[in-house]
Amino acid sequence: MKKNKKCLLVTFDFTQRGKSATSFAAGVLMSACKHNKHYGDKFTANHLSIEMNKSKAQNLSADEVADKINQQYSLEELNGLAIGCYVWNTDLIEPLIQQCRKKGFKGNIILGGYQIHESTCKTLYPNGDIYLPSYGEVSLPEAFMQDKLLHKLTLTNKVDFDLRYSPYLNGTIELDDNQSMIHWETQRGCFYTCSFCAHRDVTNNKVHDFSLDIIKKELRLFKDKNVQRINVLDPIFRKGRRSYEILEYAIEIELQAELIFQVRFEDINERLIGLFSKLNSHLEFGLQTAIKAESVVINRRNNISRVSSAIAMLQKKNMSFEVSLIYGLPTQTLDSFSQSIHFLQERGVSNIKAFPLMLLEGTQLLEDRELYGIKEGYIDDSGILHVIESESFTNKEWLAMSELAKVLTHHEVPECLS
């Protein structure tokens with residue numbers, strides 16, 4: 001008779017005041033594990049969150065993380081160790097694997113997260129045993145049940161989202177009364193294929209809608225718990241019958257929480273904005289650039305006339321919203337970045353944020369970096385690489401763009417645009 005395997009999921013999380021102790025991603029995976037038919041029979045699983053800081057120097061070393069795991073769960077007794085791989089902890093993964101082995105772990109190392117892509121994961125992290133390049137709700141439990149492998153294994157099990165278990169409804173993520181903030185999703189994946197973005201179903205580019213019945217039960221729970229703020233993780237909350245029904249139900253139950261949605265300007269219409277306006281909504285628009293040529297390069301084509309009309313509609317309804325731009329894009333210049341800012345300010349948009357471009361694993365832009373002469377470097381003490389130069393802008397010009405971005409954060413009008 002095979003023994004019940006003891007397994008552990010380790011995530012590396014940036015803590016936010018008021019957020020649940022269990023991160024949303026970990027909650028989703030642990031919920032799926034605990035509802036697997038073999039849980040408690042063939043395997044059990046726990047979760048350990050490692051706190052991350054914006055400054056890399058303040059983070060635990062690989063040796064310290066391995067010690068923390070060992071102290072709480074005994075590496076010698078674990079059969080499966082799953083590690084979340086992200087851009088902010090990628091340099092830690094290989095040293096951590098080595099330290100865990102050194103301290104007695106003899107089971108399978110399981111690697112998942114945004115850094116894990118089928119074409120590159122074994123090169124990035126050669127000491128892994130099992131790789132999960134897609135959604136992990138089915139693959140992670142299967143990985144936990146594997147005996148010690150002699151050869152590397154990649155699992156891409158399809159997830160039936162109709163059978164999804166809500167980590168909030170089953171208590172995997174515990175909510176306090178008057179919880180300050182939570183993360184939530186109504187769907188998984190994205191219809192769009194922006195070349196800089198890893199926030200989509202990289203296996204088949206589909207969007208998976210979750211059960212409306214489950215969504216409504218979650219909203220009712222959030223209402224009962226008096227949750228203060230709900231960050232909706234859907235990459236794009238789109239117009240349409242399903243979105244309308246979700247918003248209408250939130251209105252019906254008189255949900256008071258602040259709802260943060262990511263939306264495209266092209267989806268804004270009178271009905272959608274009318275529903276948003278009846279809730280405590282804040283909308284985030286990722287325009288990225290107002291320059292057509294740049295939007296084509298990053299496969300993020302914006303309909304500028306519809307963007308302008310949507311802004312006018314939002315302002316007419318006095319909606320709370322912000323717009324984000326990216327600097328460091330291929331073919332972008334200091335002047336064109338300034339033009340994108342000016343485009344928004346001309347239309348009365350005051351809440352503008354600009355972020356430096358990162359080349360994320362598995363994205364088209366990462367593959368195309370040589371085409372545009374893109375160079376990366378460290379811009380702060382986070383230890384994360386960002387684009388700092390390309391054929392269209394020098395590092396000095398990038399620094400000037402960075403200064404413009406900093407000024408925007410303080411809601412001041414740059415002199416060059418006034």
Side-chain angles (χ1 to χ4, degrees), residues 16-20 22-25 27-28 31 161-192 199 207-286 310-311 313-324 351:
Q16 293 172 281
R17 173 177 275 183
K19 198 172 75 170
S20 304
T22 302
S23 69
F24 183 74
V28 167
S31 176
F161 287 99
D162 290 333
L163 301 177
R164 166 182 171 263
Y165 295 97
S166 165
Y168 292 115
L169 295 179
N170 62 31
T172 303
I173 299 179
E174 296 182 4
L175 295 180
D176 296 327
D177 290 332
N178 305 310
Q179 183 84 39
S180 297
M181 180 182 66
I182 65 167
H183 288 142
W184 183 55
E185 57 181 352
T186 75
Q187 65 181 41
R188 189 79 60 79
C190 185
F191 287 106
Y192 303 102
H199 203 339
V207 171
H208 309 276
D209 293 332
F210 297 164
S211 160
L212 278 171
D213 181 57
I214 296 296
I215 287 170
K216 290 178 179 180
K217 288 179 179 177
E218 288 175 320
L219 285 172
R220 172 57 71 179
L221 174 64
F222 302 156
K223 162 75 174 179
D224 292 342
K225 286 290 186 179
N226 195 30
V227 172
Q228 301 298 297
R229 176 180 172 132
I230 302 170
N231 289 319
V232 184
L233 297 178
D234 305 358
I236 302 292
F237 191 82
R238 307 179 75 228
K239 65 185 178 184
R241 181 190 62 79
R242 188 172 179 280
S243 297
Y244 301 149
E245 189 171 344
I246 293 171
L247 295 175
E248 286 166 350
Y249 185 74
I251 294 168
E252 178 187 329
I253 65 173
E254 299 181 344
L255 185 71
Q256 298 300 307
E258 181 185 18
L259 287 155
I260 315 298
F261 294 100
Q262 299 176 70
V263 194
R264 266 189 88 138
F265 281 117
E266 289 85 349
D267 281 324
I268 291 297
N269 59 23
E270 291 289 352
R271 184 176 180 186
L272 186 62
I273 204 171
L275 293 171
F276 282 142
S277 66
K278 292 179 181 178
L279 294 161
N280 183 11
S281 302
H282 177 75
L283 310 181
E284 298 179 344
F285 295 91
I311 290 173
M313 291 170 64
L314 291 161
Q315 292 171 331
K316 186 177 179 181
K317 283 283 188 178
N318 293 316
M319 288 296 302
S320 173
F321 73 99
E322 65 185 71
V323 184
S324 62
N351 194 349

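The figures that follow rest on heavy atoms only: side chains count, while hydrogens, waters and symmetry mates do not.
- Contact annotation: the side chain of V28 approaches that of R188 to within less than 4.5 Å [non-hydrogen atoms, C-beta and beyond].
- Considering only residues two or more places apart in sequence or on other chains, R238 meets the side chain to side chain donor-acceptor pair (under 3.5 Å) condition with none of them.
- The CZ atom of F261 sits 11.5 Å away from atom CG of L233, with the distance rounded to the nearest 0.5 Å.
- Not counting sequence neighbours, the partners of D209 by the salt bridge (charged side-chain N to carboxylate O under 4.0 Å, His left out) test are R242.
- To the nearest 0.5 Å, atom CZ of residue F265 and atom CG of residue L283 are 9.0 Å apart.
- K317 meets the salt bridge (charged side-chain N to carboxylate O under 4.0 Å, His left out) test with no other residue; sequence neighbours excluded.
- Contact annotation: the side chain of Y192 approaches that of I236 to within less than 4.5 Å [non-hydrogen atoms, C-beta and beyond].
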Side chain to side chain contact (heavy atoms under 4.5 Å, CB included) assessment of F237 paired with S243: CA-CA 7 Å; F237 191 82; S243 297; 3.7 Å; yes
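- Inter-residue side-chain proximity for Q262 and V232 is flagged as unmet; no heavy-atom pair is nearer than 4.5 Å.
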What pairs of donor and acceptor atoms, side-chain ones from residues 247-258 against any protein atom, are under 3.5 angstrom apart with sequence neighbours left out?
from, atom 1, to, atom 2, distance (Å)
E248, OE2, R271, NH2, 3.0
Q256, NE2, E254, O, 2.9

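- Applying the ring pair (Phe, Tyr, Trp, His ring centres under 6.0 Å) test to residues at least two apart or on different chains, the pairs with a partner in residues 214-235 are Y168-F222, W184-F222.
- Distance CZ/R229 to CD1/I260: 4.0 Å, rounded to 0.5 Å.
- For the pair S324 and F285, the minimum side-chain heavy-atom distance is 4.5 Å or more.
- By the salt bridge (charged side-chain N to carboxylate O under 4.0 Å, His left out) test, E284 pairs with no residue at all, sequence neighbours left out.
- Shown here for C190 and V207, the closest heavy-atom pair between the two residues is C-CG2, 3.4 Å.
- I182 contributes atom CD1, which lies 11.5 Å from atom OG of S180 (distance to the nearest 0.5 angstrom).
- Using a distance-only test at 3.5 Å, with no hydrogens or angles considered, a donor-acceptor pair links the side chain of S277 to the main chain of I273.
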From CA spacing to verdict: side chain to side chain contact (heavy atoms under 4.5 Å, CB included), N351, F321: CA-CA 7 Å; N351 194 349; F321 73 99; over 6 Å; no
Pair M319-I311, side chain to side chain contact (heavy atoms under 4.5 Å, CB included): steps then yes or no: CA-CA 10 Å; M319 288 296 302; I311 290 173; over 6 Å; no
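- Residues forming a side chain to side chain contact (heavy atoms under 4.5 Å, CB included) with N178 (at least two apart in sequence, or on another chain): N226, Q228.
- Residues satisfying the side chain to side chain donor-acceptor pair (under 3.5 Å) test with N170, not counting sequence neighbours, are S31, T172.
- Qualifying side chain to side chain contact (heavy atoms under 4.5 Å, CB included) partners for S320, counting only residues two or more places apart in sequence or in other chains: H282.
- Inter-residue side-chain proximity for K225 and D176 is flagged as unmet; no heavy-atom pair is nearer than 4.5 Å.
- Within the 3.5 Å criterion, the main-chain N or O of L272 finds a donor-acceptor partner in the side chain of N269.
- By the side chain to side chain contact (heavy atoms under 4.5 Å, CB included) test, D213 is found to be paired with S211, K217, residues two or more places apart in sequence or in another chain being considered.
- Residues I214 and L169 form a side-chain contact, since some pair of their non-hydrogen atoms from C-beta on lies under 4.5 Å apart.
- Listed by chain and residue number, nothing satisfies the salt bridge (charged side-chain N to carboxylate O under 4.0 Å, His left out) test with D162 (two or more places apart in sequence, or in another chain).
- Atom CZ of F161 sits about 5.0 Å away from atom NE2 of H208, to the nearest 0.5 Å.
- Taking E245 as the reference, K216, R241 meet the side chain to side chain donor-acceptor pair (under 3.5 Å) condition, with sequence neighbours excluded.
- Between atom CD1 of residue I246 and atom CG of residue L279 there is a gap of 11.5 Å, rounded to the nearest 0.5 Å.
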